[in-house]
Structures are given as structure tokens and as C-alpha cells.
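Let me begin by presenting the structure, written as C-alpha cells, before commenting on it.
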Amino acid sequence: MSEPIRNRLSAVRRDFHRHPEPAWREFYTTYRLVEELERIGVDELAVGANAYDPADRMAVPGDERLEDWLARAREWGADEDVLECMADGNTGAVAVLDRGEGPSIGLRVDIDGLFIEEADDDAHRPAAGGFRSRIDGAMHACGHDVHMTWGLAALEAIRESDFSGRLVVFFQPAEEVSGGGCPMAKSRFADELDYLLAAHVGLDHPTGEVVAGIEKPLAMCHLDVHIEGESAHAGKAPQEGANAMHAMGTAIENIYAIPRHAEGMTRVNVGYAEAGSASNVIAEKARMEAEARGETTELMEYVESRFVRVARSAAKLHDCEAEVDVVSRSPRADSDPELAAVVADVARGVDGIDRVVERADFGASEDATFLMERVQQEGGLATYLIIGTDHPDSHHTPHFDVDERSLEHGAAVLVETIRALEDRGPRTGSRSSPATEGGR
């Protein structure tokens, strides 16, 4: 029998760190999660399309972008039956412990990596320690390897305890593209949760510090823009072309000129742009990838609508056409102070935690807000907490790493919070557990 996760937190995290997979390509990651979850022993395990409706996914890549990642997972030994559950990139899993009367508690952790080349110099601990990413151009640069380890450790500890109630752990794919929170939130597993916990490591909070609940996460949308023009010889007959590159330039300039809003902060950014084929050809195609954010969901929608109008108008000005695709969205949802207070009280009693912050502004975006919003709309409480860690460089950078003491801190805070919520009981009387169906 495998050694308990609580005795191998670092080894589990490092294994995940060596195998980063980006959104909707987390084939080997999901397989490893299933391995650990089956060893722990849960009352229900749903993988891929058994965990959510694939139609609710957002920012899903084309089939051709999935094949290499699926093949690599096979090479690494992923079980074919588990991979079959992830057909068409339906990655991720939900694990349930059903332990009789008591509250229904959700825990959400994210599982995807990023398209970042990890540093390989000796100053970077994963490189020096032999657990640097095995995949060129991909990296766990945001701590999701830590989050998965917390989820498994918490589930194992509750499984071995005398817990009474229902614990649902969402191992959510595609957070980095805001693509996986929506299907998880719409799934039957999110029905009638009394409490929801979501957790993140670091975010510029040091080792030993815990933020019990974040506020003001930015609502966000990802947008892709495709501009179609008409090619022509740039020297002989430029007037016969419709310059998609020029249209894109006009669009970018005016996108950044979208007026601010009196009701709160907004953000817009064009992060990627490409156009053209040669110096002597009027560009007939152009493409941009962008995002819009707002302090509230309504403010994000304001920027989104202006963005779409500007892009189409710029294209029309240059006799081109623009297609704007809203790839994904995530709403704003703040932590509930009542639940954050429970986390804070628990954290103050955890060894190694020397500072507790009850509330802090988030200032970024997260699609855990889909689950938070669902729980709150149904009368439950939700909080998004941060477990501090010393990291040598910021998130989403080649040198990102964590202080592995935060592994034990996070697992302890989550387990003890779940036990504290058990003592508080259901929010609205005793809730029955949904009938078991599906699974892998």
C-alpha cells in the first residue's frame, strides 16, 4: 500500500510539477489524480465528461492541439480506461466522500499548467533538485501543483477521520483560460453546497501568512479577433487590397482608448497579435488575442461590448471584416465574511502560521468565482483563501517556485476548516445527498 499523502506531500507536489499540462490537455495529470483518489478510496469518483457537461466548457482547443498531449500521457503510462473518460479533452475530476448527516462542503483546486519555458539554471530549485518540467515550453508557474496536493491531502485526512457530512472536491481543469469553472459550477456536484472553499498559494503573501477571504476579484473575458481583408501587390496595386494589418493596428489603438468608467476600475489588453505574409503583400488576414476585466461583472461587460464595437468598426474603416469571439468569461464573486472568519479562527491555531489577514483585495481574476457564485445564490457561503509562500519570483515567470512548508500549512488549514464547518452544520437544515450516478 502506498505511503499516506501527508507523509509525502513534497514528493506528490514535485511529481505534478514535472508533468505540467495546459488547459483541457491535463491527461496525465488527471490520470495521476485518479490513481491517488482510488488509493484513498472515495464514495464517488467522476472523471471528465462524467464530472460535468462538456457543452458548458469554454476556451476548448481544437482536436489537433490535443493529440500530442494525449500521446505523451500514454507514453508516461496513463491507463487507457482513464484516458477514454477524457475523450475530446474532457479532463479533470470530482471526488466525493458521503459520510451521512451533516453539511455539504465543496473544495475547489485547479490543475492546469502554463505555456512557459521553465528556468534551468542551478539557482532554480526545481532544476537543481531534479523536478523541473519534463515538457519544453510548459510549466507549473502558478502553484497548481501545490493546490492539487492540498486537495488530495485534505481528502485523505477527512477520509480517515470520523467526519459526518458530504465533502466534494473539484479538481478543476483549465483555470488559466477561465474555461473549467463554469462546467464544474453547473454540474450536479455543485448542487446545494452549504460551504465552498477555494485556495491559492502565494500571490505575494509570505510563508506563515494566511488570507482568510479575498475580495474584489476582477470579472474577466478572453477575446479572439479574426480580421479578413483582401491581398494585393503592395507596389503595383496597393489600392486593390483591404489591409487587415492596418485594420488591426487601428483596432488596437482604439481598444486602448476605450473610456474608463465612473463606477469602477476596468482593464483591457491585447496580448498577442499577428498579421501578414510578406513585405510586398497587402495583408489579408490578422488575428489578436485580448482580454477585458472589470471591478464588477457589469464593468467587464461594458469593456467587452466596447471592445467588440471598436474591433468591428476598425475593420470596416479599412474595408475588412472582423469576427470577435468571446472565448471565455468569469464573474466577480467576493468571499463571505462569515466563512472567512471561520478560516481565520482555524488558521490562528495551525502550527507555522504566524499572521492571519481576514480580508484582502485580490486584484486579479479567477474562475473559481463560478462555483462561489453558484453556492452563494443557493444560500450557501463561499470563500477564496490564500496560503502564503515565499517564492523567488512572481507567478507566471520561469523562476516561480514555492516554499514547500506551505504544503503542510495549506493542508492543515483546509482540513481543520472542514472539521470546523462540520461542527457548524448545514446552512439550511439537513440536506440529503444527490443520488450517485455516472463515474469513471
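Along the sequence shown, the residues carry numbers beginning at 1.
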Is it true that [X] and [Y] make a salt bridge, defined as a side-chain N closer than 4.0 Å to a carboxylate O?
{"X": "Arg159", "Y": "Asp43", "answer": "no"}
{"X": "Glu36", "Y": "Arg39", "answer": "yes"}
{"X": "Glu84", "Y": "Arg74", "answer": "no"}
{"X": "Asp63", "Y": "Arg65", "answer": "no"}
{"X": "Glu422", "Y": "Arg419", "answer": "yes"}
{"X": "Glu304", "Y": "Arg329", "answer": "yes"}
{"X": "Arg14", "Y": "Glu404", "answer": "yes"}

Using modelled atom types and a 3.5 Å cut-off, is there a donor and acceptor pairing between side-chain atoms of [X] and backbone atoms of [Y]?
{"X": "Asp122", "Y": "Ala128", "value": "no"}
{"X": "Glu21", "Y": "Tyr28", "value": "yes"}
{"X": "Asp194", "Y": "Ser104", "value": "yes"}
{"X": "Thr383", "Y": "Ala212", "value": "yes"}
{"X": "Arg57", "Y": "Gly180", "value": "no"}
{"X": "Ser164", "Y": "Glu101", "value": "yes"}
{"X": "Asn90", "Y": "Ala87", "value": "yes"}
{"X": "Glu378", "Y": "Glu192", "value": "yes"}
{"X": "Trp150", "Y": "Leu407", "value": "yes"}
{"X": "Arg18", "Y": "Arg13", "value": "no"}

Return each pair, listed once, that meets ring pair (Phe, Tyr, Trp, His ring centres under 6.0 Å) where at least one residue sits in residues 45-71; pairs must be two or more places apart or across chains.
none

Does the side chain of [X] pick up a donor-acceptor pair with the side chain of [Y] at under 3.5 Å?
{"X": "Arg309", "Y": "Ser305", "answer": "no"}
{"X": "Tyr384", "Y": "Glu366", "answer": "yes"}
{"X": "Glu35", "Y": "Tyr31", "answer": "yes"}
{"X": "Asp367", "Y": "Gln172", "answer": "yes"}
{"X": "Glu274", "Y": "Tyr272", "answer": "yes"}
{"X": "His147", "Y": "Glu175", "answer": "no"}

Exercise: identify the closest heavy-atom pair between [X] and [Y]:
{"X": "Leu107", "Y": "Gly151", "answer": "CD2-CA, 4.2 Å"}
{"X": "Val168", "Y": "Leu193", "answer": "CG2-CD2, 4.2 Å"}
{"X": "Val270", "Y": "Tyr256", "answer": "N-OH, 3.0 Å"}

Is Glu118 close to Pro398 at the side-chain level, that is, under 4.5 Å between some pair of heavy atoms?
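No, side chains not in contact.
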
Arg125 and salt bridge (charged side-chain N to carboxylate O under 4.0 Å, His left out): which single residue from Asp403, Asp120, Asp401 fits?
Asp401

Filter on salt bridge (charged side-chain N to carboxylate O under 4.0 Å, His left out), then keep only pairs touching residues 126-141, sequence neighbours left out; what's left?
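Those involving residues 126-141 are Glu117-Arg132.
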
May I ask you to check whether His140 and His395 place their ring centers less than 6.0 Å from one another?
no

Angle class for the Phe131/His17 ring planes (parallel below 30°, perpendicular above 60°, tilted otherwise)?
perpendicular

Once you measure the plane-to-plane angle for His144 and His200, does it fall in the parallel (<30°), tilted (30-60°) or perpendicular (>60°) bin?
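Ring orientation of His144 relative to His200: perpendicular.
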
What do the steps show when you test Asp334 against Met372 for side-chain contact (heavy atoms from CB on, under 4.5 Å), and what is the final call?
CA-CA 8 Å; Asp334 293 327; Met372 295 173 68; over 6 Å; no

Please enumerate all residues that pass salt bridge (charged side-chain N to carboxylate O under 4.0 Å, His left out) together with Glu228, with sequence neighbours excluded.
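Partners of Glu228 under the salt bridge (charged side-chain N to carboxylate O under 4.0 Å, His left out) test: Lys285.
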
